[in-house]
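Naming convention: chains lettered A, B, ... in sequence-line order (proteins, then strands); numbering from 1 in each chain. Everything numeric here is computed off the predicted structure, so don't read it as measured data.
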Amino acid sequence: MSYWLFKSEPGCFSFDDLKNRPDSTEHWDGVRNYQARNFLRDQVKPGDLVLFYHSNIPEPAVVGLAEVVREGYPDFTAFDPHSEHFDPKSSVAAPIWYMVDVRYVEPMKKPVTLERIKTNPLLSEMPLVKRSRLSIQPVTPEQWQMILAMAGMET
DNA sequence: GCCAACGTTGGC
DNA sequence: GCCAACGTTGGC
């Protein structure tokens, strides 16, 4: 079982949006970066746990927990000319982009802001801190425990 | 809204 | 295959 951090702009898709989906489950589609794609296609598995991170807002933060419920499969929004994520180079026969399905678990008792993450020496190796724009990131068990502790959620 | 980081594209 | 131009992300 692995840990991940998934980024989303809340104006586009928020943690509450996930909660309000049927079965609180949603496709994590629209990822168009090869490194993130590789994680989704090859490493993200059902049962894995996810830190849901809100980006591109005044106070970016980890706001909740989600669980992976379906492993990587072709992102069908890439096949749809009407989708804003349409990619003519991807096809059903040779898909380029992948998505997983995730389910709402619970909100953080206390959101863990980027500011707090950046000032914690034990989290300095997180891709988030190294200013990577990667939207799907691995999280180590140690980092996971620290983030949950900072959220007031002892494991 | 600005801009640095960085990934992608395309001419050569 | 190099690298400049360009586009996107995302913190501030």
Exercise for the section: Apply salt bridge (Lys or Arg N to Asp or Glu O under 4.0 Å) to the pair Asp75(A) and Arg32(A), showing each step before the final yes or no. Expected result: CA-CA 10 Å; Asp75(A) 181 343; Arg32(A) 297 291 180 268; 2.9 Å; yes
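- For the pair Arg133(A) and Asn56(A), nearest-nucleotide mapping onto DNA chain B gives the more 5' position to Asn56(A).
- Residue Tyr34(A) places none of its side-chain N or O atoms closer than 4.0 Å to OP1 or OP2 of dC6(B).
- Following rounding to the nearest Å, Asp87(A) (CG) and dT8(B) (P) show an atom-to-atom distance of 12 Å.
- In the displayed structure, Lys110(A) atom NZ is contacted under 6.0 Å by at most 12 heavy atoms of other residues, nucleotides or ligands.
- Judged as a ring pair (Phe, Tyr, Trp, His ring centres under 6.0 Å), and not counting sequence neighbours, the contacts of His54(A) are Phe52(A).
- One atom, CG of Leu5(A), and another, P of dG10(C), lie 11 Å apart when rounded to the nearest Å.
- Arg70(A) is linked by a salt bridge (Lys or Arg N to Asp or Glu O under 4.0 Å) to nothing, counting only residues two or more places apart in sequence or in another chain.
- Axis angle across the helix from dG1(B)-dC12(C) to dC12(B)-dG1(C), with five pairs used at each end and values rounded to 10°: 10°.
- Protein atom CG of Asn33(A) is 14 Å distant from nucleotide atom C1' of dG10(C), rounded to whole Å.
- Distance CD (Glu9(A)) to P (dT9(C)): 7 Å, rounded to an integer number of Å.
- Using a 4.0 Å cut-off, some side-chain N or O of Lys118(A) falls inside it from OP1 or OP2 of dC12(C).
- Computed from coordinates, the His85(A) NE2 to dG7(C) P distance equals 19 Å when rounded to whole Å.
- The separation between Gln137(A) atom CD and dG10(C) atom C1' is 12 Å, rounded to whole Å.
- For the pair Leu40(A) and Tyr98(A), the tightest heavy-atom approach, listed with the atom from each and the gap, is CD1-O, 3.3 Å.
- Phosphate contact (OP1/OP2 of dG10(C), side-chain N/O of Lys7(A), threshold under 4.0 Å): present.
- Whole-Å rounding puts the Leu134(A) CG to dA5(B) C1' distance at 13 Å.
- Under 3.5 Å, the side chains of Tyr73(A) and Asp101(A) contain a donor-acceptor pair of N or O atoms.
- Atom CE of Met126(A) and atom CE of Met146(A) lie 11.0 Å apart (nearest 0.5 Å).
- Rounded to an integer number of Å, the gap from CG of Leu128(A) to P of dC6(B) is 13 Å.
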